[in-house]
Amino acid sequence: MLKIKAVIAEDDFRVADIHEKFLKAFEEIEVIGKAVNAKKTLRILEQKKPDLLLLDVYMPDQLGTELLPDIRKKFPNVDIIMVTAATEKEQLEKALHYGVENYLIKPVEMKRFNQVIIEYLKKVQLLKSKQEIDQDFVDLILKKGDAPPEKTYEAAALPKGVDEITLTKVIEVLKANDIGLSAEQVSGQIGASRTTARRYLEYLISVKKCKAEVVYGVVGRPERRYYKIE
C-alpha cells in the first residue's frame, strides 16, 4: 500500500493538531513530526526525510515562503502543501514559483482539506503506476484538458456504512487501473479490510459507477474483478 511520511510546520499547536487529525483519516499517510518554527522545520526535514510537508507562511522566526529556496535546494523531492492565513498575492506567487502542490487558506474546512489530500494521493499513485507516459497521462497529472469533473456524492444521500472520503478513495483506485481489481487488491490500496472494500465496490455497482466480471486464474479459481465505468 502507498505510504506517505508527512511533517506539519505550524506555529499554532492547536491548528497543527487539527491538521494532524485530518491526515489521520488517510491510511496512506503517517505524520512523523511537527515543527513550530522555520529552524525546526529544516531540522526535521533533515532528520526525518518526509515525502510531504504541510507548511505555514507565518512562523515566528522566518516566513515559510522564505524557506522554499532552501527546501528546494536541500530536499528537492519533498512535496509541499501550503496551509496558511496569508492572503497576499506575492506569497501565493512565490509558493507557485517553487512548485507547491496546493495552497490552502485558513481556516480550512475538513471537506476542502480532504479533497486536496485525495487529489495529491491520486497524483502520487498515478506517478508510481507508470514507467512511460503519453500526453493524456501528462494532462491528467497536470489537470489539463476538458474532462468533466468527477461526480461528487452528498454525504446525506449515502447509505449507512458508506462515507464520502472512503468512497472517493475507492473510485480513484479504480480509475488508476484499467485492467480491473479484486476486492482484496482494492482493500490493500485504500488501507481497509476486504469486507469494507467489497461493500463500497458493491455500492458503486448499485449506482452504476462500477461493474464486476468473473475471471478465472491459472488454476481455474473464479475471481470477481471490479472496473470503473467511465
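Sequential numbering from 1 along the given sequence is applied to the chain's residues. As the structure is a computational prediction, the values presented were derived from the model and not from experiment.
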Q. Is the shortest distance from a Lys or Arg side-chain nitrogen in Lys3 or Asp51 to a carboxylate oxygen in the other one below 4.0 Å?
A. no
**Q.** Ionic contact status for Glu30 with Lys5, cut-off 4.0 Å
**A.** no
Q: Identify whether Leu92 and Ile71 are in the same connected component of the hydrophobic contact network (ILVMFWY, side-chain heavy atoms under 4.5 Å).
A: yes
Q | Working for side-chain contact (heavy atoms from CB on, under 4.5 Å), residues Arg198 and Val186 | A | CA-CA 8 Å; Arg198 185 178 293 112; Val186 173; over 6 Å; no
**Q.** Distance, nearest 0.5 Å, that separates CD of Glu172 from CG of Asn177
**A.** 13.0 Å
Q: Side-chain contact test, heavy atoms from C-beta onward, threshold under 4.5 Å: evaluate it for Lys228 versus Cys210 and give yes or no.
A: no
(Q) Using the rule that Ile, Leu, Val, Met, Phe, Trp and Tyr join whenever any side-chain heavy atoms are under 4.5 Å apart, tell me whether Val57 and Val36 fall into a single cluster. (A) no
Q.
Restricting to non-hydrogen atoms, name the atom on Pro159 and the atom on Tyr203 that form the minimum distance, rounded to 0.1 Å.
A. CD-CE1, 3.5 Å
Q. Which distance, rounded to the nearest 0.5 Å, do you find between the OG1 of Thr41 and the CD of Gln62?
A. 9.5 Å
(Q) Please enumerate all residues that pass side-chain hydrogen bond (donor to acceptor under 3.5 Å, both in side chains) together with Asp61, with sequence neighbours excluded. (A) none
Q.
Could you measure the distance from the CD atom of Glu88 to the OG1 atom of Thr84? Nearest 0.5 Å is fine.
A. 8.0 Å
Q | Residues that Tyr226 engages under side-chain hydrogen bond (donor to acceptor under 3.5 Å, both in side chains), provided they are two or more places apart | A | Glu202, Arg224
(Q) Do the side chains of Arg225 and Glu213 get close enough for a salt bridge, i.e. N-O under 4.0 angstrom? (A) no
Q) Among Lys94, Gln91, Glu90, which residue meets the side chain to side chain donor-acceptor pair (under 3.5 Å) test with Thr65? A) Gln91
Q: Could I get the full list of side-chain contact (heavy atoms from CB on, under 4.5 Å) partners for Lys48, not counting sequence neighbours?
A: Ile32, Ile44, Pro50
(Q) Treating Arg72 as the side-chain partner and Leu67 as the backbone partner, does any N or O pair qualify as donor plus acceptor under 3.5 Å? (A) no
Q: Looking only at non-hydrogen atoms, find the nearest pair between Leu126 and Ala176 and report the distance.
A: CD2-CB, 3.9 Å
(Q) Could you report the tightest heavy-atom contact between Ala95 and Met82, atom names first, then the distance? (A) CB-CG, 4.0 Å
Q.
Are more than 12 heavy atoms, taken from residues, nucleotides or ligands other than Lys49, located less than 6.0 Å from that residue's NZ atom?
A. yes
(Q) Could you work out, with salt bridge (Lys or Arg N to Asp or Glu O under 4.0 Å) as the rule, every residue matching Arg199, not counting sequence neighbours? (A) none
Q: Enter the distance from Ile8:CD1 to Glu20:CD here, rounded to the nearest 0.5 Å.
A: 5.5 Å
Q | Val170 to Tyr200 - nearest heavy-atom pair and separation | A | CG2-CB, 3.9 Å
Q) Less than 4.0 Å between a side-chain N and a carboxylate O, is that true for Asp79 and Lys123? A) no
**Q.** side-chain contact (heavy atoms from CB on, under 4.5 Å) partner of Ile81, chosen from Leu53, Leu55, Leu52
**A.** Leu52
(Q) Are more than 12 heavy atoms, taken from residues, nucleotides or ligands other than Lys40, located less than 6.0 Å from that residue's NZ atom? (A) no
Q) So if you build clusters from Ile, Leu, Val, Met, Phe, Trp, Tyr with side-chain heavy-atom gaps below 4.5 Å, do Ile4 and Val116 land together? A) yes
(Q) Show the nearest heavy-atom pair for residues Asp56 and Ala85, with the distance to one decimal. (A) OD1-N, 4.3 Å
Q: I would like to know whether Leu104 and Arg112 meet side-chain contact (heavy atoms from CB on, under 4.5 Å); could you show each step before the answer?
A: CA-CA 9 Å; Leu104 289 170; Arg112 176 61 179 143; 3.9 Å; yes
Q: Look at the side-chain heavy atoms of Ile, Leu, Val, Met, Phe, Trp and Tyr, link any pair under 4.5 Å apart, and say whether Ile29 and Ile80 land in one connected group.
A: no
(Q) Less than 4.0 angstrom from a charged side-chain N to a carboxylate O is my criterion; do Lys169 and Glu28 meet it? (A) yes
Q) Is there any ring-ring contact (aromatic ring centres under 6.0 Å, His included) pair reaching into residues 2-55, and which pairs are they, with sequence neighbours excluded? A) His19-Phe113, Phe22-Phe113
(Q) Test your reading of the model: is there a side-chain donor-acceptor pair from Thr196 to the backbone of Ala192, 3.5 Å cut-off? (A) no
**Q.** Inter-residue atom distance Asn114.CG - Glu164.CD, 0.5 Å rounding
**A.** 8.5 Å
Q. Can you tell me how far the CD1 atom of Ile117 sits from the CE atom of Met110, to the nearest 0.5 Å?
A. 13.0 Å
Q) Is there a chain of hydrophobic side chains (I, L, V, M, F, W, Y, each step under 4.5 Å between heavy atoms) that links Val207 to Ile190? A) yes
Q) Which heavy atom of Leu201 sits nearest a heavy atom of Ala183, and at what distance? A) CD1-CA, 3.9 Å
Q.
Filter on ring-ring contact (aromatic ring centres under 6.0 Å, His included), then keep only pairs touching residues 65-106, sequence neighbours left out; what's left?
A. none
**Q.** SB check Glu10 Lys34 (cutoff 4.0 Å)
**A.** no
